[in-house]
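Every chain is numbered from 1, with letters handed out A, B, ... down the list of sequences.
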There are 4 protein chains.
Amino acid sequence: MSQTETRSRRPEPARPGRPRSARADEAILQATLELLAEEAGVAGISMEAVAARAGVGKSTVYRRWPNKERLIVDALAALKRPLPDPAGGSVRDDLLALAEAMCRERSAKHGRCLWNVLGGADKYPELLARYHREVIEPRREIIRRVLRRGVETGELRADLDVEAAIEMLVGAMTLQSRAPAATAPPEDLAERVVDTLLRGIAA
Amino acid sequence: MSQTETRSRRPEPARPGRPRSARADEAILQATLELLAEEAGVAGISMEAVAARAGVGKSTVYRRWPNKERLIVDALAALKRPLPDPAGGSVRDDLLALAEAMCRERSAKHGRCLWNVLGGADKYPELLARYHREVIEPRREIIRRVLRRGVETGELRADLDVEAAIEMLVGAMTLQSRAPAATAPPEDLAERVVDTLLRGIAA
Amino acid sequence: MSQTETRSRRPEPARPGRPRSARADEAILQATLELLAEEAGVAGISMEAVAARAGVGKSTVYRRWPNKERLIVDALAALKRPLPDPAGGSVRDDLLALAEAMCRERSAKHGRCLWNVLGGADKYPELLARYHREVIEPRREIIRRVLRRGVETGELRADLDVEAAIEMLVGAMTLQSRAPAATAPPEDLAERVVDTLLRGIAA
Amino acid sequence: MSQTETRSRRPEPARPGRPRSARADEAILQATLELLAEEAGVAGISMEAVAARAGVGKSTVYRRWPNKERLIVDALAALKRPLPDPAGGSVRDDLLALAEAMCRERSAKHGRCLWNVLGGADKYPELLARYHREVIEPRREIIRRVLRRGVETGELRADLDVEAAIEMLVGAMTLQSRAPAATAPPEDLAERVVDTLLRGIAA
DNA sequence: GGCTAAGCGAGACGGTACGTCCTGTCTTCCT
DNA sequence: AGGAAGACAGGACGTACCGTCTCGCTTAGCC
């Protein structure tokens, strides 16, 4: 993944030997995500199953990723679809759109993947660090811009603690996903959270 | 653990044979927590390591817990110290005390344990469900009571969405712990979040 | 193998834990020999195939033998049936009996095993050394005794070079086995070699 | 090798494209022999190691030889120096010269190669057959001629069993090489064997 | 005080997955 | 077209745990 990116950035140093198969890359990532969704967690899937489902030899997997964890983090990165950059209506509309996107994601297949993976993360600090850098931060940045713009337009209070607000919004929307599967979040959770955030709870 | 509780509830049905060693129970749970902190995640520790560190045979572990996950959830339950029931000052003071307690917990050893475990949780829904029922919900209930009292005393707005507020507070305080270890949360995060929650962000 | 022998020599120090299964020992050695005969050479068989055919887990094999080579040498040792101690008739009769036994062995299943294995032996000098010590030398000793007795009884010349004679007899009977499978040795090879050895070739 | 021979026999059919590099041929065979001596047995060396040591791509090896075994047999053929055709003195002198040559060969580097290879031979019958035809038989033929001449000159007995005598001589001289490396054969083994063969062991 | 039943440390059992290495084939660019 | 490089599918290697089982030995309560 990262190598592919790196290589494609510069105009191909023309390495000798047979080039790596792009189909294999895709098949492996695809198989990984499927298994990650079906089974569960880093522990729940096996490299051998990944290779088998991808129709690929084990060595083809290990040539690209040094171990299971690194494969999984790259597979997850493949779904890091950025949050929809909000149209730019009222701050409330923008925040609501973002909150609902996060809420939807929670139940989506990849949502589960992320959580399954992040659990065992203390063991792999770089895994977590990279995930933060490449996935989490860009998303917060979008919210941060919406909030800043709100301050400028006067929609939000001038002394707003932007980071605390981000933390609350993101926290509320993602924490819920840890509830038992049965406990579906209420449909209107996004709206209720955004409104509570806007108005505050003080009388 | 659960069996121990069950047994200690009724006055000993007086089973025949040698009774189970209480020292073994403790040693196993202790070893589990130590390994959970040192290593990481459900996947990171092995039953053999637990037994070895506890100075106990593997069968002594398996006699008490049917598998790794059940052992771990019981070990975690051993640290479910309840949040300090707030003294009952102003709502702000109470919320702040709770928030700071959660914040402190995040960096504590058991804090890490919880997160390490919750990751691979999709595979073990009952683990997660039980954890929610026995650990998470009681804690939310404490916050819930503080908020309800605030509404009654008029400190908080009458149309407050209690659940949304809980979600935001808990989410903000716990999500942070997933940042890379280096990224220590700001000292005053609790205060900033509580104030932002109280006042709202709208102008 | 060696461990079993060692243990059974002394009256069991009563080691803790579940004792090793004698059935597994047998099944593994049996499977090894079968595969050694069917397939060929150290390289031709796999530990996984051995375990599978023996109906045993791989770890059960590796608990007893540290690697493929050590397993194979022990399997071969299991067939080191000693040469029939000759009845003690005339020297010619005794030598003929021994030569014919060696000749028969050549075509037998285990004969092939030995050769298949001895090939890659430079890599495992201890394998070869042990095989010599435990299998080859005892056999030569039998021939040596027959020749010495012949000298004493006056059947053989007094100035006989015993070791050279052994080398010639054993060499002639075993070298042949390296001929292509098609080239069956003549029925009467043993007799012809013994007589040539007795009479010499000089006029 | 075989292809090279075939091509060099006829005056080059003038194939299109770049001709094969003679340097590559040599480098590959050289590398094979070196590894065969250092490591051990057909199983002990890898095509990748051969190609790497020869400074050659794997495909360059596989273009010339279809698999490991064929490469090895050709590499060995490169050392099949014929036995010195004996000067034609007394039969004893001739046999002694041949025996000593065989004895010397045993300790030489290629000696080891041959044995290393012959071990795993059941799996590759054609390898063995070819080796017999091209290396072993020519050598026996030399001994055979010496013995026949001895019969004609009256030095050897008229009713000599030529094949049995060959078997004993060759067997005695080559079998020894299977002893552990430490056990060097006695200096005078050749002489003792030849004399024992000549005089017989009977009183 | 002996009997009975369960607990105990130890470790073997059949399995599964790991990550490494090598085989023999293929695909690319360079000469 | 040959050559060097190296990717490809496949499969065995030897290791580490899983959760179960079998040993011989305590350690209790009940007779």
Nearest whole angstrom, please: distance from the [atom2] of [N] to the [atom1] of [X].
X	N	atom1	atom2	answer
A:Ile28	F:dA7	CD1	P	13 Å
A:Arg23	E:dC26	CZ	P	16 Å
B:Ile72	F:dC17	CD1	C1'	13 Å
A:Trp65	E:dG19	CH2	P	14 Å
A:Lys68	E:dT20	NZ	P	14 Å
C:Tyr62	E:dC13	OH	P	15 Å
B:Leu71	F:dC17	CG	P	16 Å
A:Asp25	F:dA7	CG	P	12 Å

Step-by-step side-chain contact (heavy atoms from CB on, under 4.5 Å) determination, C:Asp74 to C:Arg64: CA-CA 11 Å; C:Asp74 269 7; C:Arg64 291 163 164 74; over 6 Å; no
DNA chain F base-pair string [pairs: Watson-Crick or G-U under 3.5 Å; |: paired with another strand]: |||||||||||||||||||||||||||||||
B:Glu48, nearest nucleotide to its side chain (from E:dA17, F:dC17, E:dC22): F:dC17
With sequence neighbours excluded, residues passing side-chain contact (heavy atoms from CB on, under 4.5 Å) with B:Ala27: B:Ala54
[X] to [Y] - nearest heavy-atom pair and separation:
X	Y	result
C:Thr32	C:Ala75	CG2-CB, 3.7 Å
D:Met47	D:Val61	CE-CG1, 3.7 Å
A:Trp65	A:Arg70	CD1-O, 3.4 Å
B:Lys68	B:Ile45	NZ-O, 3.1 Å
C:Ala24	C:Thr60	CB-CG2, 4.0 Å

So, OP1 or OP2 of [N]: does either fall under 4.0 Å of a side-chain N or O from [X]?
X	N	value
A:Arg64	F:dC8	yes
B:Lys58	E:dA10	no
A:Arg63	F:dC8	yes
C:Thr60	E:dA12	no

Given DNA chain F, 5'-ward residue of the pair D:Gly55 and A:Ala54, judged by closest heavy atom: D:Gly55
Along DNA chain F (nearest heavy atom to each residue), the more 5'-positioned of B:Met47 and A:Ser21: A:Ser21
I need the [X] [atom1] to [Y] [atom2] distance, nearest 0.5 Å.
X	Y	atom1	atom2	result
C:Arg53	C:Ser46	CZ	OG	11.0 Å
C:Leu33	C:Ile28	CG	CD1	12.0 Å
A:Gln30	A:Leu35	CD	CG	10.0 Å

B:Val56 vs A:Ala49, nearer the 5' end of DNA chain E by closest nucleotide: B:Val56
Atom pairs, N/O to N/O, protein against nucleotides 27-29 of chain E, distance under 3.5 Å?
{"from": "E:dT27", "atom 1": "O4'", "to": "A:Arg18", "atom 2": "NE", "distance (Å)": "3.4"}

